[in-house]
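Below: the structure, in structure tokens.
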Amino acid sequence: MLVDTKFRQLDADGDGMLSVGDLRPAVADIGAALGLPAEGASPNADHVCSEVVSELTHGTSQGEVSKAEFQEALSDILLGMAAGLKRDPLVILRMDGEDLRDFAAGSRYEPTAAAVFSQVVDLGSEVASPRQCVLAALQKLSVDHGVPPASDAWVAKHIVEPALQQLLPADQPGQQPASRDDLFQQLKKLLGAVADRLQEQPVIVAHTENHYDGSGVKRLLANKFELDKLLDSVWKNLAAEDKNKASKGCLITALDKMADAASLPYYSAVKEVDAVVEESIKTAGVEEGKAVDEAEFKKSLTEILRAIMLRLNDSPVFVSTDVVVHEPLSGTSSSVN
């Protein structure tokens, strides 16, 4: 039923074929239905969509897909997205203000507020107004505190700004800096107003967490059979021009093909891990443009992986993302499982 409906919607000219331009929004819609962030919001999700479109069209920009091919590929699309979600699991949160009220009334509030205000403003400064201080503090809070992403346009317009306007209207000329206690109380009141708004209009957020400590790379390096098999596959599928001349881009492409097995993000998805990858490539000492044979290429990749493992083991990278996946829903339920 999904295939029939989507195909009719996308086949605008009714010729029974879908182009690359037709397919991309279809794949994005399927991803959204599964809880993936919108296109452009997550590099990992974008990569999944690009790979799916490429697979459907056999890697050609002029490729067209029939309804039968689209239907046959749907199960592969769903399985591929499921594999991506297994690697980068999403927690779907329905934020209705209950957790935010608990945070504001609990023992975590004061130490958290102190830490947040120390980051955003010098409490003795005459530059930042109380309104600016409190808003900046709110923007430092996260879903862990019961606050949806304040940077999201819908959340800012319908949740944060009305609550802020209710408690702290526009800054007044010559307004005196607020004391530490005043700021703490104003932030607590603002959180209460935000919680009231969330109760009326809950917000659905997709939350992801990833911890890169090199353990996945270590497991891969320890499994010689799996490593050799993967290196053979990478070399076999390497473009002919890349086999003739080594380059940073070629090595990054190869590492991306090993990312899933090594529990690493794709290049450009996490800038902190990108920096580790680039330093590790330098460590391997591969000369740009130098011709390499199969054995040299595999050896260099293995050395790069080992360098990545050591760096991440010494300095693990933790990243989390929060994306509003669709407009708030009415109701009083506090979570979506």
Side-chain angles (χ1 to χ4, degrees), residues 91 93-213 270-272 275 314-324 328 334-335:
V91 177
L93 306 172
R94 188 173 189 273
M95 312 192 73
D96 63 358
E98 183 178 340
D99 291 340
L100 181 53
R101 285 196 181 88
D102 289 344
F103 164 69
S107 59
R108 289 197 302 150
Y109 174 72
E110 288 209 7
T112 301
V116 165
F117 278 120
S118 70
Q119 295 174 31
V120 300
V121 67
D122 175 0
L123 296 181
S125 172
E126 295 184 4
V127 176
S129 69
R131 192 178 196 273
Q132 292 171 325
C133 293
V134 171
L135 177 58
L138 175 69
Q139 292 170 340
K140 289 288 184 180
L141 299 178
S142 68
V143 296
D144 291 335
H145 308 104
V147 179
S151 59
D152 178 83
W154 195 98
V155 173
K157 180 179 179 179
H158 295 88
I159 304 294
V160 176
E161 284 299 329
L164 194 62
Q165 189 63 30
Q166 174 187 339
L167 294 174
L168 295 167
D171 295 327
Q172 301 298 320
Q175 192 171 12
Q176 293 298 313
S179 68
R180 177 181 183 276
D181 289 343
D182 286 343
L183 288 176
F184 279 27
Q185 288 304 313
Q186 288 177 0
L187 177 60
K188 181 175 285 191
K189 289 179 181 178
L190 178 59
L191 295 182
V194 169
D196 290 341
R197 296 275 172 178
L198 289 173
Q199 185 175 2
E200 297 172 1
Q201 298 177 299
V203 174
I204 308 299
V205 175
H207 176 73
T208 64
E209 291 184 0
N210 286 289
H211 187 239
Y212 303 106
D213 60 1
V270 180
K271 63 180 181 180
E272 295 87 349
D314 289 341
S315 303
V317 173
F318 176 80
V319 293
S320 65
T321 60
D322 298 302
V323 179
V324 177
S334 61
S335 65

Arg131 and Gln186: CA distance, side-chain angles, deciding distance, side chain to side chain donor-acceptor pair (under 3.5 Å) verdict | CA-CA 9 Å; Arg131 192 178 196 273; Gln186 288 177 0; over 6 Å; no
Side-chain heavy-atom pair Asp99, Asp144 within 4.5 angstrom cut-off | no
Can the ring centroids of Phe318 and Tyr212 be said to lie less than 6.0 angstrom from one another?
-> no
Would you please say whether a donor-acceptor pair under 3.5 Å links the side chains of Glu209 and His211?
-> no
How about Val91 and Thr208: do any of their side-chain heavy atoms sit closer than 4.5 Å?
-> no
Atom pair NZ (Lys188) and CZ (Phe103), whose distance is rounded to the nearest 0.5 Å | 9.5 Å
Around atom CD of Glu110, are there more than 12 heavy atoms of other residues, nucleotides or ligands at under 6.0 Å?
-> no
Heavy-atom distance under 4.5 Å between the side chains of Val194 and Val147, does that happen here?
-> no
Taken to the nearest 0.5 Å, the spacing of His145 NE2 from Leu100 CG works out to 10.0 Å
Point-to-point distance, once rounded to the nearest 0.5 Å, from CZ of Arg108 to CG of Asp102 | 9.5 Å
Any side-chain heavy atom of Trp154 sitting closer than 4.5 Å to one from Gln201?
-> yes
Straight-line distance of Leu135 CG to Leu190 CG, nearest 0.5 Å = 8.0 Å
State, yes or no, whether a side-chain contact exists between Thr321 and His207 at a heavy-atom distance under 4.5 Å.
-> no
Quick one: does Leu191's side chain get under 4.5 Å of Leu141's, heavy atoms only?
-> yes
Do Val324 and Ile204 have side-chain heavy atoms sitting under 4.5 Å apart?
-> no
Do the non-hydrogen side-chain atoms of Lys140 and Gln119 ever get within less than 4.5 Å of each other?
-> yes
Show the numbers, then the answer: is there a salt bridge (Lys or Arg N to Asp or Glu O under 4.0 Å) between Arg101 and Asp196?
-> CA-CA 9 Å; Arg101 285 196 181 88; Asp196 290 341; 2.6 Å; yes
